[in-house]
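Structure first, commentary second.
Remember, predicted model here, so these are calculated numbers, not experimental data. Residues take their numbers from the sequence shown, with the count starting at 1.
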Amino acid sequence: FFVVVLTDIDSERHYCSCLTFYEAEINLQGTKEIEGEEESGLIQPAEVFAPKSLVLVSRLDYPEIFRACLGLIYTVYVDSLNVSLETLIANLCSCLVPASGGSQKLFSLGAGDRQLIQTPLHDSLPVTGTSVALLFQQLGIQNVLSLFCAVLTENKVLFHSASFQRLSDACRALESLMFPLKYSYPYIPILPAQLLEVLSSPTPFIIGVHSVFRNDIHELLDVIIADLDGGTIKIPECIHLSQLPEPLLHQTQMALSLVLHPDLETADYAFPPPRTALSHSKMLDKEVRAIFLRLFAQLFQGYRSCLQLIRIHAEPVIHFHKAAFLGQRGLIENDFLTKVLNGMAFAGFVSERGPPFRTCDLFDELVAFEVERIKAEEGNPPKMIKHVRELAEQLFKNENPNPHIAFQKVPRPTEGSHLRVHILPFPRINEGRVQELLQEGLARSQGAPPATRGDKKCVVPAGPPVVSIMEKGSTVFNSAQRLEVVRNCISFIFENKFLETEKTLPAALRALKGKAARHCLTQELGQHVKENRAILDHQQFDYIVRMMNCALQDCSSSEEYSIAAALLPLTTAFYRKLAPGVSQFAYTCVQDHPIWTNQQFWETTFYSNVQNQVRSLYLTAKDDNHTVQLKQKVGKHIKICLCCTSGAFQ
């Protein structure tokens with residue numbers, strides 16, 4: 001028995017449960033000719049066997065239920081039980097599966113069986129059984145972490161094994177470790193022999209092949225190959241595999257070691273305590289998944305503060321400020337997280353989890369309320385293990401919400417039944433009879449309440465703001481002294497203290513290499529505009545333009561264009577008089593920077609400013625007159641932004 005996963009054109013998965021047995025090719029004439037002589041007698045033992053498969057295709061993912069159902073159909077056939085196969089198939093296809101939410105249903109196919117369907121509490125959480133624990137048992141901590149990083153950074157991953165079911169379990173486990181992200185590339189746990197050329201496709205994938213093809217797959221140059229039976233992975237030299245950022249990599253490795261090898265800490269003790277027993281396989285599976293849940297909570301901490309809802313279209317569009325998130329985490333140059341944020345899985349994450357009002361699950365609670373606890377437990381393994389087990393209990397309860405499982409009974413074939421010499425071939429199913437029985441079963445179940453469940457929606461908790469992932473952030477450009485230099489220099493300019501300005505200007509220009517100093521520049525200049533000090537003399541004008549050019553010189557997408565967007569209105573505010581009736585604005589001296597020709601800059605600035613105006617409209621309007629004024633401002637601002645989008649400074 002094994003499960004094949006097919007994906008249709010709409011990206012919907014179909015789970016094909018296959019039970020394969022070998023059927024004897026029997027000489028039903030009861031005679032055979034031996035060396036020209038005819039020998040009469042009983043049916044002779046078969047010498048040729050051919051495989052035959054029973055396949056159950058469903059959009060539902062209940063492999064153990066389908067294993068039992070197909071096994072029961074085979075049992076009725078091989079033991080010649082007094083039940084028609086058409087009845088079994090009709091009862092199976094007419095069974096109404098309850099909606100998720102922890103509900104369960106007892107059913108029978110009519111062959112003396114008693115089976116139970118148990119739905120998970122939440123559809124969004126993966127159901128893994130013991131597959132994750134098995135994957136770590138097969139490949140080890142470091143190899144699984146390498147595969148985990150490979151799928152997150154959109155590399156090709158190929159499993160091979162002598163067991164089809166092991167391939168399905170490994171692909172399921174690797175995909176579930178990505179939660180809350182969802183894999184959106186080709187996912188083929190068992191690849192047919194006729195489709196091996198798919199392995200040469202340019203897109204990332206997670207694929208499994210049988211080990212009989214291992215000689216064919218070693219020629220692939222850009223595929224990471226995992227041998228489930230040998231416990232090894234092969235990473236080609238041409239692939240640079242980005243790793244988790246420190247200190248998260250070390251913390252994850254340590255947590256996995258504590259869970260998978262609990263006696264490692266006491267192995268060197270002269271008087272070791274009693275041997276620590278491993279959790280049972282299903283709970284161990286959930287403890288490993290809990291560690292990866294904690295990892296994603298740390299990676300995506302504060303992600304909601306970088307979400308922006310763009311409301312200028314009929315339907316709101318959610319935009320994620322990737323570079324701002326990376327900058328505030330101190331991971332601008334970390335290629336792992338950069339690749340993750342640029343991947344399709346994260347785009348789907350933003351689209352699905354970005355809305356502020358939706359159904360919440362375990363990850364939403366973890367990333368909003370538990371990140372500080374996770375950080376506090378870094379140097380305290382017992383507390384960390386306690387939290388991991390609390391999360392594992394919730395994951396286990398999601399898959400097993402009812403502790404008292406009803407008694408189940410599914411007849412199995414009698415021992416040695418497949419060795420009988422008089423078994424007839426599996427009969428052809430009467431399709432018309434199945435349809436009749438199916439209609440009867442559906443008519444009986446019409447009075448049953450529909451299997452629907454209304455998901456409870458709520459406001460998604462925002463959680464803490466984005467903070468640096470490093471214990472000590474870089475302070476080269478962000479020190480208070482450098483910010484003070486910038487402030488002093490601007491003060492000297494507006495106070496006409498040009499001697500002091502000349503002394504501090506070089507240091508201020510060096511300080512503007514840092515993001516914080518550039519923000520400080522925009523804030524200080526904005527304050528002087530508010531004080532109606534935008535008319536400058538020639539010397540002041542030259543100094544201010546020089547500082548603006550220095551700030552714009554280092555402006556890049558790594559700051560989501562925030563500096564250029566903040567300087568844009570300032571360049572149209574500061575000016576000097578060249579002659580009576582002739583004024584020169586600062587923007588005429590800063591037009592040569594490439595930022596102004598970047599279409600993404602204008603789009604980002606436009607969306608950001610419209611969002612701010614909408615927030616102002618709904619959050620600060622006190623009376624009708626104020627509301628009207630704000631609406632006029634919004635209309636005027638959109639008009640200005642549209643003009644700017646069509647051409648810089650037009």
Side-chain angles (χ1 to χ4, degrees), residues 303-328 332 341-342 347 350 354 466 512 514-530 534 544-545 547-575 585-620 630-650:
Y303 81 95
R304 299 203 67 81
S305 65
C306 293
L307 292 173
Q308 184 182 54
L309 223 60
I310 301 168
R311 294 187 176 89
I312 64 172
H313 305 291
E315 290 292 329
V317 177
I318 299 173
H319 174 68
F320 183 76
H321 286 246
K322 298 172 188 174
F325 179 78
L326 288 170
Q328 293 174 51
I332 283 289
L341 298 186
N342 289 330
V350 171
V466 181
L512 289 175
K515 179 181 176 181
R518 294 196 289 272
H519 274 296
C520 178
L521 172 68
T522 61
Q523 292 169 357
E524 291 293 316
L525 293 180
Q527 189 61 36
H528 284 87
V529 170
K530 290 180 181 179
I544 294 300
V545 166
M547 296 186 78
M548 285 183 173
N549 277 316
C550 185
L552 288 168
Q553 182 177 341
D554 296 300
C555 184
S556 68
S557 62
S558 67
E559 296 162 339
E560 284 291 336
Y561 313 112
S562 58
I563 301 300
L567 283 175
L568 184 58
L570 299 176
T571 61
T572 60
F574 290 106
Y575 67 97
F585 285 86
Y587 70 76
T588 61
C589 302
V590 295
Q591 293 188 77
D592 296 333
H593 294 279
I595 188 72
W596 310 124
T597 60
N598 188 322
Q599 182 69 19
Q600 188 179 357
F601 160 75
W602 293 107
E603 290 180 2
T604 302
T605 305
F606 175 72
Y607 292 147
S608 177
N609 281 279
V610 170
Q611 172 73 3
N612 291 337
Q613 292 288 347
V614 171
R615 287 175 60 86
S616 174
L617 176 64
Y618 286 99
L619 294 180
T620 64
L630 284 170
K631 287 181 178 178
Q632 291 173 347
K633 288 182 181 178
V634 172
K636 179 181 178 182
H637 182 75
I638 291 176
K639 183 178 179 181
I640 292 171
C641 280
L642 286 171
C643 291
C644 289
T645 306
S646 63
F649 304 111
Q650 292 299 316

Taken in chain and number order and not counting sequence neighbours, the residues that satisfy ring pair (Phe, Tyr, Trp, His ring centres under 6.0 Å) with His593 are none
Sidechain-backbone polar pair: Trp602 side chain, Thr597 backbone, donor-acceptor under 3.5 Å: no
Where Ile318 and Gly354 come nearest, the two heavy atoms and their spacing: CD1-C, 3.5 Å
Report the distance from atom CG of Leu521 to atom CG of Leu567, rounding to the nearest 0.5 Å. 6.0 Å
Any side-chain heavy-atom pair of Trp596 and Leu552 under 4.5 Å: yes
One should read off an interatomic distance between Asp592 CG and Gln553 CD, to the nearest 0.5 angstrom, of 12.0 Å
Between CG of Leu568 and OG1 of Thr522, what distance do you get to the nearest 0.5 Å? 12.5 Å
So which atom in Gln591 and which in Thr588 form the shortest heavy-atom distance, rounded to 0.1 Å? NE2-CA, 3.5 Å
Between Leu512 and Ala517, what is the shortest heavy-atom contact and its length? CD2-O, 3.6 Å
For a quick test of reading the model, state the closest non-hydrogen atom pair linking Cys589 to Val545 and the distance between them. CB-CG1, 3.5 Å
Of all heavy-atom pairs between Val529 and Ala573, which one has the smallest distance, and what is that distance? CG2-CB, 4.0 Å
Any chance you could measure Thr605, atom OG1, to Ile595, atom CD1, to the nearest 0.5 Å? 7.5 Å
Angle between ring planes, His319 versus His321, binned at 30° and 60°: parallel, tilted or perpendicular? perpendicular
Using the ring of each side chain (for Trp, its six-membered ring), is Phe320 parallel, tilted or perpendicular to Tyr303, with breaks at 30° and 60°? tilted
Rounded to the nearest 0.5 angstrom, the OH-OG1 distance for Tyr587 and Thr572 is 8.5 Å
Over all atoms of both residues, closest heavy-atom pair of Ala586 and Met548: CB-SD, 4.2 Å
Side chain to side chain, Met547 and Leu525, heavy atoms closer than 4.5 Å: no
